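Not measured: the values here are computed from a predicted model. We name chains A, B, ... by the order of the sequence lines, and we start the count at 1 in each one.
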Number of protein chains: 2
Amino acid sequence: MDGNSENSWGIPPAVARAWGVGHDVTTAPRRGLSLERIVRAGIDCAAAEGIGAVSMSRVAAMLGVSAMALYRYVGAKDELLLLMEDAAVGPPPPELAEPADWRTGLAEWARAYRRVLHDNLWVLAVPVSSPPATPNSVVWMEYGLRALRGSGLDAGERLGVLTLLSEYVRGEAAVAADLAAAAREAGLSPAHMNAAYGRLLAGLADRERFPEVNAVLDAGVLEAGGDGGTPSEAGEDFDFGLERVLDGVAALVDRGRADA
Amino acid sequence: MDGNSENSWGIPPAVARAWGVGHDVTTAPRRGLSLERIVRAGIDCAAAEGIGAVSMSRVAAMLGVSAMALYRYVGAKDELLLLMEDAAVGPPPPELAEPADWRTGLAEWARAYRRVLHDNLWVLAVPVSSPPATPNSVVWMEYGLRALRGSGLDAGERLGVLTLLSEYVRGEAAVAADLAAAAREAGLSPAHMNAAYGRLLAGLADRERFPEVNAVLDAGVLEAGGDGGTPSEAGEDFDFGLERVLDGVAALVDRGRADA
DNA sequence: ACAGAATTGCGTACGCCGTAAACAAGCAAG
DNA sequence: CTTGCTTGTTTACGGCGTACGCAATTCTGT
């Protein structure tokens, strides 16, 4: 087990291990270090200072170990990031395994996904290089599809709806992550950051060329609400978009019902 | 003008120049090099080999110039990336300036935005560090809000709807960008990539634990359609999600109409 | 025409990054 | 004890972003 080279699945062995299909020879001394400890240290680092701060030397130093030691377990940095992401997101909460009707099931799925992303905002900033073939992400997918089981939609529609929803959740969280990163960098609170953004826009966008932008600005939307507001307000903003999406799905479902 | 230090707006001077508010003293020799040429070279590099290939030395080499020469114009790499993004996206097409009804206006806005992103997939991978305060992005925002002028929604709702829509567009394009990046890295076509992903998933997700995932896989959704299919099919996938979102917005608009 | 100032562009250098390669230390099996 | 495998370290390379200071060039005021 030297962390490199591919196997019959075409995925790196550390990822294969995450799937539980790695040959656990483990005829090994394994003193001190382990994949789990490495991934955990990486997550701690990313959570505290953003993925930008995650470097092989940094993670290794946290474990009191030389940088190259990590390569006995992970093959490359990208692989470590992938494993970090999978471990941080984790599986969906088990109560999502058996959703009741599609609408509440999908809403709970989306809110749970959002919660996980907001608790680990750094995962949104990890450079993605491949489709999500990591075990926990597939469980999330499975549970999301289960919510649509009784919807009457065909397979393509179910996948399309889930894709739409997860893109919305990720998009909303990504905005929050960018804001949080900018705020940390500037040493300000996200709320102040948002207000500063509004003021900047107000100063830059003149009223003749940008009447509608100024109308929104005048309404004070950015000062009160937004993702930088109180948690409850931010959640309400998210729920607003979520209800729009679900209404759109409902229209599709009802159309199918009417046809049948 | 040495590219560093902030001004009264709190934004880097090169960005201020993009807004047209930079003091154009230009009591300067300015031989050969210029901000426009630098940004253009950066865009060419990113378009050809992805943002990962964009480094200061690389861009400088393209212009036959030393790396440090660029710092007379841009202050930092992040600033260059921001300017590249703004220049590549450009302003929305002028026919979006006066949208007719909200639904077709919003649909055209979304499709135009998608087209621009797909023509410059690398912008999705540029690490975002601040809210979009770049001139062209505000024009896009303005035009999107204009489409909602006759919708009867209040300012918060209009912004929420536009946010939802742009997050969907960006999310869809980001998936395509990741796929394209992975395909280029592996030297395969995106279509083959997608099919390979389906096969990988089929091999990894056993039927007992993942019945719904396998149902989707069995339907052959990933083989035929998906973002890796023919352009027309990919566009249809996008339109599917778009119609869902617009249906959801329509529900909100109609509710407002009914209340009034 | 000329002096001086301002500004551009460049060379060098530093510290950090990811990681390839060869090597040393510890344990298992013979 | 020897042999061999696994683990972690050391060293080194090339590339990155960029701080600093110097040389060349062009503009400004006379």
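Residues B/Arg37 and B/Leu63 form a side-chain contact, since some pair of their non-hydrogen atoms from C-beta on lies under 4.5 Å apart. You'll find the side chain of A/Trp109 reaches within 4.5 Å of the side chain of A/Leu162, heavy atoms only.
Recorded end-axis angle for the helix from C/dG9-D/dC22 to C/dC23-D/dG8 stands at 0°, based on five pairs per end and rounded to 10 degrees.
Rounded to an integer number of Å, the gap from CG of B/Asp78 to P of D/dG17 is 10 Å. Counting to the nearest Å, the C1' atom of C/dG18 and the CG atom of A/Leu80 are 12 Å from each other. For the pair A/Tyr71 OH and C/dG18 P, the computed distance is 6 Å after rounding to whole Å. Here the P atom of nucleotide C/dA20 and the NZ atom of A/Lys77 are 15 Å apart, to the nearest Å. A/Arg58 has its CZ atom 16 Å from the C1' atom of C/dG15, to the nearest Å. Rounding to whole angstrom units, CE of residue B/Met56 and C1' of D/dG14 are separated by 19 Å. Taking atom CG of B/Leu81 as the reference point, atom P of D/dC16 lies 14 Å away to the nearest angstrom. Atom CG in B/Leu63 sits about 15 Å away from atom C1' in C/dT8, given to the nearest Å.
Electrostatic pairing of A/Arg170 and B/Glu167 does not count as a salt bridge here, judged by no charged N lying under 4.0 Å from a carboxylate O. For the pair B/Arg209 and A/Glu142, the salt-bridge criterion is not met [side-chain N within less than 4.0 Å of a carboxylate O].
Counting only distance, with no hydrogens or angles, the side chain of A/Tyr113 and the backbone of A/Trp140 share no donor-acceptor pair below 3.5 Å. B/Asn214 places no side-chain N or O within donor-acceptor distance of the main-chain N or O of B/Ala202, the cut-off being under 3.5 Å.
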Worked check of side-chain contact (heavy atoms from CB on, under 4.5 Å) between A/Leu201 and A/Phe210: CA-CA 10 Å; A/Leu201 225 54; A/Phe210 302 103; over 6 Å; no
Working for side-chain contact (heavy atoms from CB on, under 4.5 Å), residues B/Leu117 and B/Arg114: CA-CA 5 Å; B/Leu117 291 183; B/Arg114 181 190 121 101; 5.8 Å; no
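In this structure A/Arg111 satisfies the salt bridge (Lys or Arg N to Asp or Glu O under 4.0 Å) test together with A/Asp239, sequence neighbours excluded.
For C/dG9, the OP1/OP2 oxygens have a side-chain nitrogen or oxygen of B/Tyr73 closer than 4.0 Å.
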So which protein N/O to nucleotides 10-13 of chain C N/O distances come out below 3.5 Å?
unit_1 : atom_1 : unit_2  : atom_2 : d
C/dC10 : OP2    : B/Ser66 : N      : 3.0

